[in-house]
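Below you'll find the structure, written out as structure tokens, and then a few comments.
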Amino acid sequence: MADDTLLDIKGLVIEATSYPPGEPPKEVTLVHGVDLKLRRGKVLGLIGESGAGKSTIGLSAMAYGRGGVRLTQGTITLNGRDIRQASARDLRTLRGKEVTYVAQSAAAAFNPAKRLMEQVIETSLAHGIMTKPEAEARAVMLFRKLGLPNPEAFGNRYPHQVSGGQLQRAMTAMALCPKPDLVIFDEPTTALDVTTQIDVLAAIKEAIRDTHVAALYITHDLAVVAQVADEIMVLRHGRLVEHGDTAQVIHAPRQDYTRALVSVRSLEHEEKPPAPPILRVEGVTARYRGTNFDVLKNITVDLAPGQTLAVVGESGSGKSTLARAITGLLPPTQGRIGFAGRQLSRELKGRTKDDLREIQMIYQMADTAMNPRQTVGTIIGRPLEFYFGLRGAARDKRVQDLLDQIEMGKGFADRYPAELSGGQKQRVCIARALAANPKLIICDEVTSALDPLVADGILKLLMALQSEAQVAYLFITHDLATVRAIADKIAVMYKGAVVRYGQKSDVLAPPFDDYTDLLLSSVPEMEIGWLEKTIAHRRMESAGN
Amino acid sequence: MHPVLKLVVQRLALGLILLLACSAVIFLGVEALPGDTAQAIMGQSATPQALANMREKMGLDQPPLTRYFQWLGGVLTGDLGLALTNDADIAQSIGQRLGNTLFLAGCAAAISVPLAIILGLIAARHAGKWQDKLISGVTLTTISLPEFVAAYFVIFLLTQDNVLTQAIGWVTGGSGRLLPVAMVFPGMGFWERLNAVILPVIVLVLVVLAHMMRMTRAAILNVMQSAYIETAELKGLSPMTVIWRHAFPNAIAPVVSVVMLNMAYLVVGVVVVEVVFGYNALGQYLVDHVTKRDLPVVQAVGLIFAAVYIVLNMLADIIGILANPRLRHPK
């Protein structure tokens, strides 16, 4: 049986030097002795939260340590030899010839200065695997297989000229072109919209099947990995938690942690009945300065105190632009915004201090929404000074109250953002919004950058705060599971317009309009064979039309 | 209109406006200088009547605005006026010297630009290792030497009979020693000229190398942080291929702007080198006439120097635009 083992990792230990702010550098162990075995033509899913060591282990199959990461112990046997001992020259032959890599963000992973074709066939030429015409023919064949438009001419384009979903497919073509034995897929669909993800996922799966390549498929989304993997390894903090067949891990997980991942949406949300609104958006139309294209088209929605309006749609649909119009950052060209019984000025300049205080925002990237040189106490204390004139002990007391409210307790006020985890940073941003004592908080994809379990905690916190303070949420997201878990009302946006709007139970019940149907049916379900079923269903429908 | 063409036309128009503004500033600056040209020419003993006649003859009695437009009109038709000191036609005097200046700058650039970029790439490839430190150390040392020191040092090494010149002589079959002067005359052939400027070119290369090398190195290292460099490394490409094919095309814009700044310096800032080697070019000409208070010459040369700066920077801008695939190939 030894001959069909492609990759055999034994006792792999991976270390790195970390440089915490204000402390001496220290050695950290990222992966603590992990074993992994992959047979030819099989797909192994590596799953876990960020920091679990998934990508680090994946890249170790190319003996590559990202950012100074060191492979310190263990053996990595690929095609019968230990590549941890290989010379730099051997490694160059191995990379690209035997193992290739598909990165999470194809948009960043393609060189902006080169045409796609040149990059896709580069590996095949550099290693002398094929001649240029052969490589180009294979690339066109792969473009066609991956469902890219106009496969003959696609390679002539530059990365910025094609969409994110197309780039992700082109990256897959780039990885498959040199006929490797193993492809490492590192979160290849995570950055895509659900409606795009399903097509890319199907294309990747088909390409893997047709080329008989083996794959390591890295993701944090169990429902996604259930569609493509033969086996699944669950990782946490650089250790193996559970390893088994896909069916076993999904349907009969043995470990508590896996069970938590499988049933991550523990939130149940009872929809609140309609009530007199605090926010009324009436016929709002907006465009960016210097353009003649409406990015928001005649938007009418409202929201009652203590309730949540979820705004869903794919990237570019105008969700965040609506938030900018409501906050006054992008003055509407038409329409009115009513808030708490009064008319808000279109322009930010025309708004009173109370207008500003009562509408607060929380952003997707907590990292960039905080000044890295300020302590948590300063960050939360600033709105207290600005809006309420609190100083000294009174301010510190209120900061501590807010920290208690976001369940972060003592000692955090003196820390800097860099010393916090992703979930903690987002909590601090929530506390900063709460400090203004707002009536409406606009949450712009606040859980999208977080791991599922952490995101779950943030949503629970937001719901608890809502029932305490009767604050209304305008919750922008592309994740329908989140919508189900928190919304009272839903507005579905597509190309700048609201295509469906109403109480949650009405919006999520058939009959659907075409777009909502597409959106809802694209969300991966934790069920083996879901992908094939959905794709087949769609093909049948489009054949029927 | 193609967006790139539009941007380029925009840059050209801006360059022209800037040049016009420069001409006004140069004129005003010269105008604001203390002292009286007529007095300077005729001396302290001139009678008021003689001074007034002189001013009338030179047009100095006209209002400044009229004189500015007269001057500008002359410049546009290629008439830079006559030098006050010897009544020579300025355009003619400048023409030949400008040629000498551009020849020297061109030779220095032809060697220093490729050399600086190659050294920058090597330094980036071995960042933090001895190769990097050696390259940075040597180029930073040569840039730190004042030009005249570097010049005398080069003269000392290459014009005396020593081991170095003997070795060169053994290879080339001549004496190996160079003349410590760089005299050029009208009617000299290209190779003769080239031979004459070897020493000043070496000095200029030493002076401008470090700046361009450091910028290339920094720009490359900046690009090396990008995700697509990791992609290239994971394709199994050799480090130099990664730098040359994937990093350098994305680092062109910052490198070009520094290259152009240094080329501008080679044209307008090398008077010390000209003096040391007795090279007859614009810098010396300008300094001579500043000391003689010959304002038309100062104005004319100032305008040419301004034009050189503007054209080279505009060129850097345009190359930067052309190097950006997003502008070259819009969606």
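Protein chains get the first letters and strands the later ones, always in sequence-line order, with residue 1 at the start of each.
- For A:Ser87, the side-chain contact (heavy atoms from CB on, under 4.5 Å) test picks out A:Arg89, A:Asp90, with sequence neighbours left out.
- For the residue pair B:Thr231 and A:Ala109, the shortest heavy atom distance occurs at OG1-O, 2.9 Å.
- Interface residues of residues 99-125 of chain B toward chain A, defined by a heavy-atom distance below 4.5 Å: none.
- Heavy-atom neighbours of chain B within the stretch residues 120-139 of chain A, taken at a separation under 4.5 angstrom, comprise A:Glu122, A:Thr123, A:Ala126, A:His127.
- Between A:Thr100 and B:Leu234 there is no side-chain heavy-atom pair separated by less than 4.5 Å.
- In this structure, chain B has a heavy atom under 4.5 Å from the side chain of A:Leu59, while its backbone stays farther away.
- Scanning residues 235-249 of chain B against chain A with a 4.5 Å non-hydrogen threshold yields B:Lys235, B:Gly236, B:Leu237, B:Ser238, B:Pro239, B:Arg245, B:His246, B:Pro249, sorted by number.
- Ion pairing between a basic and an acidic side chain is recognised when a charged N comes within 4.0 Å of a carboxylate O; A:Arg66 and B:Glu230 show such pairing.
- Considering every non-hydrogen atom in both A:Ala108 and B:Ala227, the closest pair reads O-CB, 3.5 Å.
- The NE2 atom of A:His160 sits 8.0 Å away from atom CG of B:Asn324, with the distance rounded to the nearest 0.5 Å.
- Proximity to chain B (any heavy atom under 4.5 Å) is restricted, for A:Tyr158, to the side chain, taken from C-beta onward.
- Counting only heavy atoms from C-beta outward, the side chains of A:Arg115 and B:His329 approach each other to under 4.5 Å.
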